[in-house]
Amino acid sequence: MRNYILLLMMLVPLVSSGKRGIERKLTPYLVGGRGHAAVIVCPGGSYFWHDMTTEGHDVARWLQKQGIAAFVLRYRTAYVPAFLFRYRYVLRGTRYPDAQDDLLQSLRYVRAHADEFGIDPDRVGVMGFSAGGHLVMSSVELFDKSEWPAFVVPVYPVVTMTEPCVHKRSRRALLGESRVRNRRLRDSLSLERHVPDGCPPVFLVNCKDDPTVDYRNSELLDSALTAHHVPHIYIQYKTGGHGFGASDVKGTSECRQWRTAFLKWFLDRW
């Protein structure tokens with residue numbers, strides 16, 4: 001038992017440290033010229049890990065080809081040891097608000113270096129997948145208005161922490177085992193309950209046959225955005241499942257149309 005505890009104590013700093021500069025957590029995909037829009041990309045992974053390929057670098061390369069600068073963010077997650085051993089009953093590990101703080105710092109960093117990156121600091125948006133979708137939407141619900149992104153793109157996002165359709169693995173990772181039953185915290189991180197007035201435009205998409213994150217998560221967010229008169233578009237495909245990101249082979253031909261729909265929405269506004 002003693003050796004087991006010592007091993008966990010050695011692992012925690014390795015997987016939860018947030019002391020690295022935010023620039024080391026961002027992978028840039030820049031576009032030649034100046035004044036471009038930019039997107040900070042947040043891969044999914046249940047707040048435990050990241051899908052850095054399909055929902056990260058593949059997305060950034062696709063955006064780059066469209067003339068949109070992209071930055072893939074490796075935000076802090078609970079990581080595999082926390083998933084396997086549940087040590088956060090007694091040790092803090094990584095949990096809320098670590099990922100949110102990483103996104104906030106990345107927005108500040110990208111804007112501060114906008115001239116260097118050739119981007120327009122007033123056109124920096126965020127795009128996230130699954131748990132990353134929860135993360136990017138929380139940026140307008142939890143950050144000060146002066147820090148808000150220009151637009152938000154949650155793709156098959158985790159939304160609620162309270163309703164029966166909650167994605168329990170993401171909730172456990174985000175809150176930590178010692179706080180997972182905290183009703184006040186659950187409520188504060190349920191996106192459908194805290195859409196702010198003046199929220200930036202939102203492009204929301206998911207699939208009805210999603211086997212991982214219940215499709216009703218996106219419906220809850222769509223209803224909340226509508227109630228608060230937020231300019232947004234919500235597309236729900238019948239097929240495609242989960243985790244297709246910017247892939248040309250994952251999902252279905254139907255759901256892969258989201259990229260074309262997003263570009264039309266984006267170009268009409270920016």
Side-chain angles (χ1 to χ4, degrees), residues 11-30 38-57 59-60 63 69-83 88 91-114 116-117 119 121 124-155 157-159 161 167 169-176 179 185 188-189 191 194 200 245:
L11 286 170
V12 172
L14 292 175
V15 300
S16 63
S17 174
K19 295 181 180 179
R20 295 187 304 164
I22 194 65
E23 68 275 12
R24 295 180 60 188
K25 298 180 181 181
L26 285 168
T27 303
Y29 289 79
L30 303 180
V39 175
I40 296 175
V41 179
C42 297
S46 304
Y47 280 116
F48 270 115
W49 39 73
H50 304 96
D51 179 357
M52 292 300 291
T53 301
T54 305
E55 297 176 350
H57 299 297
V59 174
L63 289 169
F71 299 81
V72 180
L73 175 62
R74 186 181 287 274
Y75 56 91
R76 279 172 285 176
T77 61
Y79 204 53
V80 177
F83 176 73
R88 293 176 305 159
L91 299 173
R92 183 190 186 280
T94 298
R95 63 186 189 185
Y96 171 77
D98 295 341
Q100 281 70 19
D101 185 59
D102 286 346
L103 180 54
L104 176 59
Q105 296 304 320
S106 70
L107 281 164
R108 290 173 176 172
Y109 177 81
V110 168
R111 286 168 172 157
H113 293 80
E116 173 188 340
F117 295 139
I119 64 173
V124 179
V126 290
M127 177 183 291
F129 300 81
S130 195
H134 182 276
L135 175 57
V136 298
M137 192 65 209
S138 68
S139 69
V140 297
E141 301 196 9
L142 300 174
F143 298 174
D144 185 83
K145 187 175 182 178
S146 64
E147 307 273 14
W148 282 357
F151 55 90
V152 186
V153 185
V155 182
V158 173
V159 172
M161 296 288 147
H167 187 242
R169 185 168 64 235
S170 292
R171 181 171 66 185
R172 175 164 75 91
L174 181 63
L175 274 62
R179 304 187 301 174
L185 189 58
S188 70
L189 295 172
L191 303 178
H194 304 285

Next item on the list: Kindly indicate whether the side chain of C42, heavy atoms from C-beta on, has any atom under 4.5 Å from the side chain of V126.
Entry: no

Next item on the list: Could you go through the side-chain hydrogen bond (donor to acceptor under 3.5 Å, both in side chains) check for R76 and T94 one step at a time?
Entry: CA-CA 7 Å; R76 279 172 285 176; T94 298; over 6 Å; no

Checklist line | R88 versus A78, closest heavy-atom pair with distance | finding: NH1-CB, 3.7 Å

Checklist line | Derivation and outcome, side chain to side chain contact (heavy atoms under 4.5 Å, CB included), residues Q100 and E141 | finding: CA-CA 11 Å; Q100 281 70 19; E141 301 196 9; over 6 Å; no

Check: About how many Å separate OH of Y109 and CG of L73, when rounded to the nearest 0.5 Å?
Finding: 12.5 Å

Check: Is there a side-chain contact between M127 and F151, using heavy atoms and a 4.5 Å cut-off?
Finding: no

Next item on the list: State, yes or no, whether a side-chain contact exists between L189 and Y96 at a heavy-atom distance under 4.5 Å.
Entry: yes

Notebook entry, point to check: Can you name the closest pair of heavy atoms from R111 and P149 and give their distance?
Noted result: NH2-CA, 3.5 Å

Next item on the list: Specify the closest pair of heavy atoms between S46 and A173, including all atoms of both residues, with the distance to one decimal.
Entry: O-CB, 3.2 Å

Check: Looking only at heavy atoms, which two atoms of P28 and L26 are closest? And how far apart?
Finding: CD-O, 3.6 Å

Next item on the list: Calculate, to the nearest 0.5 Å, the distance between atoms CG and CE belonging to L191 and M161 respectively.
Entry: 7.0 Å

Next item on the list: Could I get the full list of side-chain contact (heavy atoms from CB on, under 4.5 Å) partners for Q105, not counting sequence neighbours?
Entry: I22, D101, R108

Check: Can you name the side chain to side chain donor-acceptor pair (under 3.5 Å) partners of H194, sequence neighbours left out?
Finding: D187

Check: Could you state the interatomic distance from NE2 (H50) to CZ (F129), rounded to the nearest 0.5 Å?
Finding: 13.5 Å

Item checked: side chain to side chain contact (heavy atoms under 4.5 Å, CB included) between R95 and T77, intermediate numbers included -> CA-CA 7 Å; R95 63 186 189 185; T77 61; over 6 Å; no

Next item on the list: Check L175 against R179 and note the closest heavy-atom contact, atom names and distance.
Entry: O-NE, 2.9 Å

Next item on the list: Give a yes or no answer on whether the side chain of W49 reaches the backbone of Y79 with a donor-acceptor pair at less than 3.5 Å.
Entry: no

Margin query: Please give me the minimum heavy-atom distance between P43 and G56, naming the atom from each residue.
Written below: CG-CA, 3.9 Å

Check: To the nearest 0.5 Å, what is the distance between CG (L135) and CD1 (I40)?
Finding: 10.0 Å

Next item on the list: Evaluate the side-chain proximity of E147 to L103: yes if any heavy-atom separation is below 4.5 Å, no if none is.
Entry: no

Notebook entry, point to check: Could you go step by step and tell me if F48 and R172 meet the side chain to side chain contact (heavy atoms under 4.5 Å, CB included) rule?
Noted result: CA-CA 9 Å; F48 270 115; R172 175 164 75 91; 3.7 Å; yes

Checklist line | Value rounded to 0.5 Å, distance of CG in L174 from OH in Y47 | finding: 5.0 Å

Checklist line | Contacts of A70 that satisfy side-chain contact (heavy atoms from CB on, under 4.5 Å) - sequence neighbours left out | finding: Y29, V41, A60, L63

Next item on the list: Mind running side chain to side chain contact (heavy atoms under 4.5 Å, CB included) on V110 and I119 for me, showing each step along the way?
Entry: CA-CA 9 Å; V110 168; I119 64 173; 3.3 Å; yes

Notebook entry, point to check: Rounded to the nearest 0.5 Å, how far does OG of S139 lie from CG of L107?
Noted result: 6.5 Å

